[in-house]
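These notes concern the structure reproduced below.
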2 protein chains.
Amino acid sequence: MPYRRTESVIRRLAAREQAILDAARIEAARGGMAAVQIIPVAGRAGIATGTVYRYFPAKADLVSQLIADVAERELDAMRAAAGAAPGPLSALAAAIATFAARAMSERKLAWAVMAEPAEPEADAARRDFRAALSDELQQRMRVAIVRGYLPGQDVTIAAPAIVGALLEGLIGPMAPAVDDDPAKTREAVQTATLLCLRALGVGDARAFGLVAQLPLGRRD
Amino acid sequence: MPYRRTESVIRRLAAREQAILDAARIEAARGGMAAVQIIPVAGRAGIATGTVYRYFPAKADLVSQLIADVAERELDAMRAAAGAAPGPLSALAAAIATFAARAMSERKLAWAVMAEPAEPEADAARRDFRAALSDELQQRMRVAIVRGYLPGQDVTIAAPAIVGALLEGLIGPMAPAVDDDPAKTREAVQTATLLCLRALGVGDARAFGLVAQLPLGRRD
DNA sequence: CGAACGAATGAATGTCAATTCACTCGATTC
DNA sequence: GAATCGAGTGAATTGACATTCATTCGTTCG
């Protein structure tokens, strides 16, 4: 008779898989994608190296899953923030600012997950993340354009450009250091959001108003 | 008595070093940074693998030099274009558009040199490139701000944000395909430049006027 | 309780590139 | 033109990781 998986075993397996992903995320947040290596990850998760392969057939699968997990959280947060906004333009502003603020709170992880290359297979996961991010912005931009809040424009260029501006402007190697100063961080997020809104054709005065009203500063 | 380096020997050595760099650039343009490997590069340059090490102590040095070379060309082109412009704002527009147009003409190489990670040492060269690019834009932005052409703003965020917007919007994995269609390419460059100018606070109408006047479409 | 099973282990192995080095060969010197 | 220099060669070495697998260990079943 085939063996049955007890409730507790199922829980343990799931917990272990999560522990591996958590360990990978911590490594990535510390040393970038290059630091996501099987032996250290296994060590941090408190298991043997071989065990990692019971949960993920190859390292690329682990990395892909890590990226997908982070992506899901970020997209959820953006949608939640945008959904709570009163109109299309403030929804767009909220989505942008939320992404910016969350990326700032985990700069290295955000950079590793979005910008650092790795195995080609993991690249697909990153592509998906970026595509989803762009899509999210594109949707909201289209609504805003149709309703006359934004001038007509090529959203297939504008949306990724916004993503790039936020990444480079806030968490890229050239971005100004904000250390962990919450005031500086907040200000940087506002500056970047303002810049993005203007880039999309929101008038200076109106953009300023939108940014001033943003409910910044929450955490997951 | 120490050996003298004949004129012809000096020329041959210089030519060979250039051949190695050219080979590396071709590989990068084809397959990204991952394709810059010593054996293929040596093969393409028509020499043995060991010979590469007579010219570059380590692969990281070769990659760094490659990045620095590309950076120098791009910065020169930007400065030349900006220098030929009639005023601070059109100079800024010209610098942005020139960078955008040139990156588009060698998308994969531009991406490899600016965005793909590699050895940590090569990362320093990329950092320098980005810093120089940001600096170039910052200088021009400051001038434009002082003379009242642009609203006051944090240029240390704005400059890298512009770079990021161009990279992601035009040559990143999410950017729309333009294949080799010159009309599409030209239009994409205009769209992206317009977006950048608006991001910096140039009014929509004026930005449109600046972009329309850009002398686009030259090559090195 | 004692098979039987699947999960866990981690040392050993495989893989992929960078790097080395003992040797060859053409150029330079006297 | 013989002696010497130093560039060029490429097979072999090294190093850094990912991946495997024979074995151990804890659970589940009869």
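Quantities reported herein were computed from a predicted structural model and do not represent experimental measurements. Naming convention: chains lettered A, B, ... in sequence-line order (proteins, then strands); numbering from 1 in each chain.
When heavy atoms are screened at a 4.0 angstrom cut-off, A:Y55 is found touching the sugar-phosphate backbone but no base atom.
Counting only N and O atoms by type, the side chains of B:D22 and B:Q18 include a donor and acceptor under 3.5 Å apart. In the model, A:Q65 has a side-chain atom that pairs as donor or acceptor with a side-chain atom of A:D69 under 3.5 Å.
The side chain of B:R12 places no N or O atom within less than 4.0 Å of a non-bridging phosphate oxygen (OP1 or OP2) of C:dA27. The side chain of B:R54 places an N or O atom within less than 4.0 Å of a non-bridging phosphate oxygen (OP1 or OP2) of D:dA7.
Judged as a salt bridge (Lys or Arg N to Asp or Glu O under 4.0 Å), the pairs with a partner in residues 31-47 of chain B (not counting sequence neighbours) are, in order, B:E27-B:R44.
Look at CD1 on B:I10: it is 14 Å from P on D:dG6, rounded to the nearest Å. When the C1' atom of D:dT9 is taken as reference, atom CZ of B:R16 falls 11 Å away, rounded to whole Å. What separates CD1 of A:I47 from C1' of C:dG10 is a distance of 12 Å, to the nearest Å. Atom-to-atom, CG of A:L13 to P of D:dT27 comes out at 12 Å; the value is rounded to the nearest Å.
Minimum heavy-atom separation, B:A122 to B:S64: CA-OG, 3.6 Å.
Note that CD1 of B:I67 and CG of B:L109 are 10.0 Å apart. Values are rounded to the nearest 0.5 Å.
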Please list each protein N or O that sits under 3.5 Å from an N or O in nucleotides 18-22 of chain D, with the distance.
residue : atom : partner : partner atom : Å
D:dA18  : OP1  : A:K59   : NZ           : 2.7
D:dA18  : OP2  : A:I38   : N            : 3.1
D:dT19  : OP2  : A:Y53   : OH           : 2.9
D:dT19  : OP2  : A:K59   : N            : 2.8

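In the region residues 22-34 of chain B, proximity to DNA chain D at under 4.0 angstrom, judged on heavy atoms, holds for none of the residues.
Counting heavy atoms from C-beta on, the side chains of B:L92 and B:M141 come closer than 4.5 Å.
With a 6.0 Å radius and a threshold of 12 heavy atoms from other residues, nucleotides or ligands, A:E187 has its CD atom at or below the threshold.
A:F56 pairs in a side chain to side chain contact (heavy atoms under 4.5 Å, CB included) with only one of the listed residues (A:V41, A:I20, A:I38), which is A:I20.
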